[in-house]
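Take a look at this one; I'll ask things after.
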Amino acid sequence: MTDLIPELRTPVAPEGTGRVRTGMAVSRVDGHAKVTGAAQYAAEHAAPDLAYGVVVSGTATKGRIKSIDTGAALAAPGVIDVITHENRPKMRSNDLAFKDMTAPAGSPFRPLFSDRIFYSGQPIALVIGETFEAARHAAALVKATYDIEEHDTNLLDSLHKAYKPRPLKAGFTPPSSKGDGEKAWDAAPVKIESEFYHGVEHHNPMEMFASTVVYGEDGHLTIYDKNQSSQNCRWYVSHAFGLSKDKVTVRNPYVGGAFGSGLRPQYQLPLAVMAALKLKRSVRVVLTRQQMFSFGHRPETWQKIKLGATPDGKLQAIWHEALQETSRLEDYVEVIVNWSGQLYACDNIKLDYKVIGQDRHSPIDMRAPGAAHGVHALEVAMDEMAYQLKMDPLELRLKNYAEVNPLDDKPYSTKELRQCYLQGAERFGWKDRPLEPRSMRDGEELIGWGMATGIWDSLVMVARVSAVLHADGRLVVSSAASDIGTGTYTVMAMVAAEQLGLPLERVTFQLGDSTLPLAPIEGGSSHMATVGGGVHGACDKLKTTLLKMAQSQKDSIFKGMKAKDVEFNDGKIHLRGQPDNGIELSALLAQAGKDKVEEKFLMTPQMLKQRKYVRAVHSAVFVEVRVNEKLGIVRVTRVVDAVAAGRIINAKTATSQIIGGVVWGISQALHEESFTDHRLGRFMNHNFAEYHVAVNADIHDIDVIFVDEDDRVVSKQLGAKGVGEIGIVGTAAAVANAIFHATGKRLRSTPITPDKILLGDHEVPVGQRS
């Protein structure tokens, strides 16, 4: 039976927290552990006789390693070994062995597998030392020479090389079309045509990628790793190295941010495993901040949108195409254009999507992958159309509001987007907005108001959950879920506590261990509906078992009672409405001679029902900006984000998720881009000094509204959807639209930096955009 794993240091709510109900604002149960340092991350777990690995990054972009000199490094004090492609432990050779559960089509990158160089910054060696300092010093002594081949990292010069991606990854739906988008656009009385460019963005979570591999006496590997699925990483390690899965345990009880960067195993994991297997010793490998820029990223993207409408604003044509970078090894794909077939009623929709191979590492999902770019382009184009029509941007969206999904006429499981528009506009004061640009000013600052729509899929996957009630009244619920800072520990404990009528401090939700019951990868805002539904189901089965136990007692008052006739409150089961007429759960187990009772639940999507509906979360984002006309500096001074995301389980952590997404959307709009020197094929600003992100001074008032919604198609048990991704979607577009309202300049590439404000988007040299 599943019980607490001591090594996980699973957090519990403080004594006195008391009863909770879903929907309340509840502080994180793991908050105390994090602020006091009790929470241990991947690079903080102790192990006897621990060695330290430091990665040597290559300097070539494409070619082969001609020679690699490790002599000086091996001679350095404290150095144990240097692993290269020439002396690494045995690994499997077939692509399938290296495909994790989210791998796209193609051949996954395999560190130190051969002398081939696929991208700049690729790991070419691992130095292992008795101390981190010894390994770091020796890593600088490793010298390599290369046979260089011509590389290509310039997307905008390679648009003519685009191709349809190979067989697509699970969850990606190729774009479809409806009607005749080309003919309808040609015939439309009012039309716009716009091109959009988005540069590379890199994940920058506070915790850098790290793996601590603890080598057991029996050869068992216990791996503490930064990831978004312990079971995905166990799958990868066991397959890549030919190890039985019972010889590998992966743990990720605390993750210091991920945002998609941990969906796939990153290269420090196989490198740490290589070293542990070769040395038969525990090894830790931590990447540097610069090396955090040497793997997956949000891909560089070029898009074109054409919209056609009648003079009164009715859309007649939507035409959206996107070209996006991928690596030479894999066809990484994102859902970029599909949103343009879901948001607005239109009879003629043409969608197209292709990829372009570049000499870079494969991109990887980053918060709201595809939507963050695709919806940005659509929503800026809609704003441009509104001005072409001399119509309020909100009025245009309401006029083309889709009551059913435009592409296939399917109904929505729930859709309260209209209320998002209305409540968000009311809170923001949108009715007082003058239509004309450059019509509001405060001193040297022009003031602009912009808005945009947000949309994201509502995903449900498969999960198993165990619920164990102990004789002392303590409830332990377990699943191999992940908490990347989103509040998973807390919301799952809340669901269980409400179901069993227990105070929150008597409930423990255990996650972050590959030996726990099956859980999906933590991504796509799916954990609440999936694992949360499993928690609800396991506790519901436990209640049924406890009722049967109560009925079996001599002279039981529960004989003949059904689930609707009883309640679980304050650690007891009692007749409904009669709290004094029942029995303590601890006494019930004692009388039955049991020290614990366990139930398990398999959570599966309602696939036959769900296929009849389109399932999505929606939002309406309203933004105020102030633009210094002389300096080109933009300040986002006010944001109202109205969100429809099903039932909200924890109002506090859900609000935090939306605020975090909005902050990132502002950062996407104004700050974030990784610049490439195409002569070298290398990202140049690979540090926090030059890779700009939004900081405290950039963020002002953010007001979050949750519109009432209850979706039992997405989540039969909870009515919830998910809030992790939707906060970023539409935010950058709303900022761009507000900047146009303030300045009269239509800027279509991100980030919108001061030079673009001053010069105009089209006057910024292409070489400075990537």
field: Minimum heavy-atom distance between Met366 and Arg298, given as atom pair plus value
entry: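 In terms of heavy atoms, the two residues are closest at O-NH1, 3.2 Å.
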
Distance-only side-chain donor-acceptor flag, Glu629 / Thr743, under 3.5 Å: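 Glu629 vs Thr743: no donor-acceptor pair found between side chains.
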
query: What do you reckon, are the aromatic ring centroids of His297 and Phe683 less than 6.0 Å apart?
result: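 That pair passes the under 6.0 Å test.
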
- prompt: Checking side chain to side chain contact (heavy atoms under 4.5 Å, CB included) against His741, which of Glu436, Arg438, Met440 comes through?
  reply: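 So, applying the side chain to side chain contact (heavy atoms under 4.5 Å, CB included) to His741 and each of Glu436, Arg438, Met440, only Met440 qualifies.
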
Test side-chain contact (heavy atoms from CB on, under 4.5 Å) applied to Ser749 and Phe196, step by step: CA-CA 5 Å; Ser749 67; Phe196 297 83; over 6 Å; no

- request: Ignoring hydrogens and angles, state whether a donor on the side chain of Arg360 or Ser120 is under 3.5 Å from an acceptor on the partner side chain.
  value: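 No donor-acceptor contact under 3.5 Å links the two side chains.
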
- request: Classify the side-chain pair Gln291/Ser57 by whether it contains a donor and acceptor separated by less than 3.5 Å.
  value: yes

task: Work out which heavy atom in Leu378 is nearest to a heavy atom in Tyr344; give both atom names and the distance.
output: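 In this case the closest contact between Leu378 and Tyr344 is CD2-CE1, 4.1 Å.
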
- prompt: Taking all non-hydrogen atoms of both residues, which atom of Val723 and which atom of Ala645 are closest, and how far apart?
  reply: CG1-CB, 3.6 Å

task: Could you tell me whether Asp352 and Lys354 make a salt bridge, using a distance below 4.0 angstrom between a side-chain N and a carboxylate O?
output: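 Result for this pair is yes, salt bridge flagged.
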
query: Distance-only, no hydrogens or angles: does the Ser261 side chain make a donor-acceptor pair with backbone N or O of Ala258 under 3.5 Å?
result: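 It does hold such a pair.
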
- request: Measure the spacing between NE2 of His686 and CE of Met684 and express it to the nearest 0.5 Å.
  value: 6.5 Å

Pair Val636-Val623, side-chain contact (heavy atoms from CB on, under 4.5 Å): steps then yes or no: CA-CA 7 Å; Val636 178; Val623 167; 3.9 Å; yes

- prompt: Hey, are Tyr267 and Gln122 close enough side-chain-wise for a donor-acceptor pair under 3.5 Å?
  reply: no

- prompt: Under the 3.5 angstrom rule, does the side chain of Ser667 hit a backbone N or O of Val693 as a donor-acceptor pair?
  reply: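 Judged by distance alone, no pair lies under 3.5 Å.
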
- prompt: Which one of Met451, Glu624, Gln423 satisfies the side chain to side chain contact (heavy atoms under 4.5 Å, CB included) criterion with Phe428?
  reply: Glu624

message: Strictly below 4.0 Å, N to O, side chains only: are Glu445 and Arg635 in salt-bridge contact?
response: yes

- prompt: Does one side chain, of Gln358 or Thr153, offer a donor that lies under 3.5 Å from an acceptor on the other?
  reply: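 Short answer, no.
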
field: Trp185 side chain vs Leu307 backbone, donor-acceptor pair below 3.5 Å
entry: yes

- prompt: Hey, are Tyr332 and Glu334 close enough side-chain-wise for a donor-acceptor pair under 3.5 Å?
  reply: yes

- request: Report yes or no: does Thr301 contribute a side-chain atom to a donor-acceptor pair with the main-chain N or O of Pro299 at less than 3.5 Å?
  value: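 Such a contact is found between Thr301 side chain and Pro299 backbone.
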
- request: Just do the side-chain hydrogen bond (donor to acceptor under 3.5 Å, both in side chains) check on Asp432 and Trp449 with the steps written out, would you?
  value: CA-CA 10 Å; Asp432 298 324; Trp449 289 1; over 6 Å; no

- request: Apply the test side-chain contact (heavy atoms from CB on, under 4.5 Å) to residues Val617 and Val643: give CA-CA distance (whole Å), side-chain angles for both, the deciding distance (0.1 Å), then the verdict.
  value: CA-CA 8 Å; Val617 294; Val643 180; 5.6 Å; no

- prompt: Take atom CG in Asp708; do more than 12 heavy atoms of anything else shown fall under 6.0 Å from it?
  reply: no

query: Would you say the side chains of Trp319 and Asn348 form a donor-acceptor pair under 3.5 Å?
result: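 There is no such pair (donor and acceptor under 3.5 Å, judged by atom type) between the side chains of Trp319 and Asn348.
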
task: Could you pull out all residues at least two apart from Phe118 that satisfy ring pair (Phe, Tyr, Trp, His ring centres under 6.0 Å)?
output: none

query: Under 3.5 Å, side chain of Asp457 to main-chain N/O of Leu459, donor-acceptor pair present?
result: no

field: Side chains of Thr750 and Tyr197, donor plus acceptor under 3.5 Å
entry: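 Not at all, the side chains of Thr750 and Tyr197 share no donor-acceptor pair under 3.5 Å.
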
- prompt: Does the pair Glu444/Lys630 count as a salt bridge with the N-to-O cut at 4.0 Å?
  reply: yes

- request: Not counting sequence neighbours, which residues clear ring pair (Phe, Tyr, Trp, His ring centres under 6.0 Å) with Phe259? List them please.
  value: Trp664

- line: Here the gap from Ile364 atom CD1 to Glu330 atom CD, rounded to the nearest 0.5 Å, amounts to 9.5 Å

field: Close side-chain approach of Val639 and Phe622, heavy atoms under 4.5 Å
entry: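 Of all side-chain heavy-atom pairs linking Phe622 with Val639, none is under 4.5 Å.
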
message: As a quick check of understanding, evaluate side-chain contact (heavy atoms from CB on, under 4.5 Å) for Val190 and Thr310, giving each step before the final call.
response: CA-CA 6 Å; Val190 184; Thr310 60; over 6 Å; no

- prompt: With a 3.5 Å cut-off and no angle check, do the side chains of Gln303 and His320 form a donor-acceptor pair?
  reply: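 A pair is found: one side chain offers a donor N or O, the other an acceptor, under 3.5 Å apart.
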
field: Mutual orientation of the aromatic rings belonging to Tyr691 and His202 [parallel < 30°, tilted 30-60°, perpendicular > 60°]
entry: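 Ring orientation, 0 to 90° scale: perpendicular.
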
task: Tell me, with the steps shown, if Phe740 and Tyr387 meet ring-ring contact (aromatic ring centres under 6.0 Å, His included).
output: CA-CA 10 Å; Phe740 174 80; Tyr387 278 95; 4.8 Å; yes

message: Can a side-chain donor-acceptor contact be found between Ser158 and Asp152 if the only test is distance below 3.5 angstrom?
response: yes

field: Point-to-point distance, once rounded to the nearest 0.5 Å, from CD1 of Ile728 to NE2 of His376
entry: 11.0 Å

- prompt: Given Tyr163 and Asp331, is the side-chain hydrogen bond (donor to acceptor under 3.5 Å, both in side chains) satisfied, shown in steps?
  reply: CA-CA 10 Å; Tyr163 61 90; Asp331 284 353; 2.7 Å; yes

query: Could you give the distance from CD (Glu522) to CD1 (Ile484), rounded to the nearest 0.5 Å?
result: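 One gets 4.0 Å once the value is rounded to the nearest 0.5 Å.
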
message: Quick check: closest heavy atoms across Ala734 and Val621, and the distance to 0.1 Å?
response: CB-O, 3.8 Å

message: What I want to find out is whether Asp359 reaches Lys62 closely enough, with some N-O distance under 4.0 Å, to be called a salt bridge.
response: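 Salt bridge: yes.
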
- request: Check for a donor-acceptor pair, side chain of Lys721 on one end and backbone N or O of Ala616 on the other, with a separation under 3.5 Å.
  value: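 Yes, the answer is positive, given that a donor and an acceptor are paired below the 3.5 Å cut-off.
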
task: Check whether the side chains of Tyr421 and Thr453 place a donor and an acceptor atom closer than 3.5 Å, and report yes or no.
output: yes

- request: Give, for atom CD1 of Ile699 and atom CD1 of Ile666, the distance between the pair rounded to the nearest 0.5 Å.
  value: 4.0 Å

query: Are the side chain of Ser656 and the backbone of Lys652 linked by a donor-acceptor contact shorter than 3.5 Å?
result: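 No; judged by distance alone, with no hydrogens or angles, the pair does not exist.
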
task: Search all heavy atoms of Glu325 against all heavy atoms of Leu155 and return the closest pair with its distance.
output: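 In this case the closest contact between Glu325 and Leu155 is N-CD1, 3.8 Å.
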
task: Working to the nearest 0.5 Å, report the span between CD1 of Ile349 and CD of Gln342.
output: 9.5 Å

- prompt: Quick one: does Asn685's side chain have a donor or acceptor within less than 3.5 Å of a partner on Glu673's backbone?
  reply: yes

- prompt: Has Lys226 got its NZ or CZ under 6.0 Å from the middle of the six-membered ring of Phe209, at an angle within 45 degrees of the ring axis?
  reply: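 Geometry flag: set, cation within 6.0 Å and 45°.
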
N/O donor-acceptor pair under 3.5 Å between Asp383 side chain and Glu379 backbone: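 No: the side chain of Asp383 does not pair with the backbone of Glu379.
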
task: Check whether any side-chain N or O of Gln668 sits under 3.5 Å from a backbone N or O of Ala372 as a donor-acceptor pair, and report yes or no.
output: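 Confirmed, Gln668 side chain pairs with Ala372 backbone.
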
field: Taking every non-hydrogen atom, the tightest pair across Met391 and Leu435
entry: O-CD1, 3.7 Å

- prompt: Salt bridge or not for Glu426 and Lys431, using N-O below 4.0 Å?
  reply: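 Looking at Lys431 together with Glu426, the answer is no, because their closest N to O distance does not fall below 4.0 Å.
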
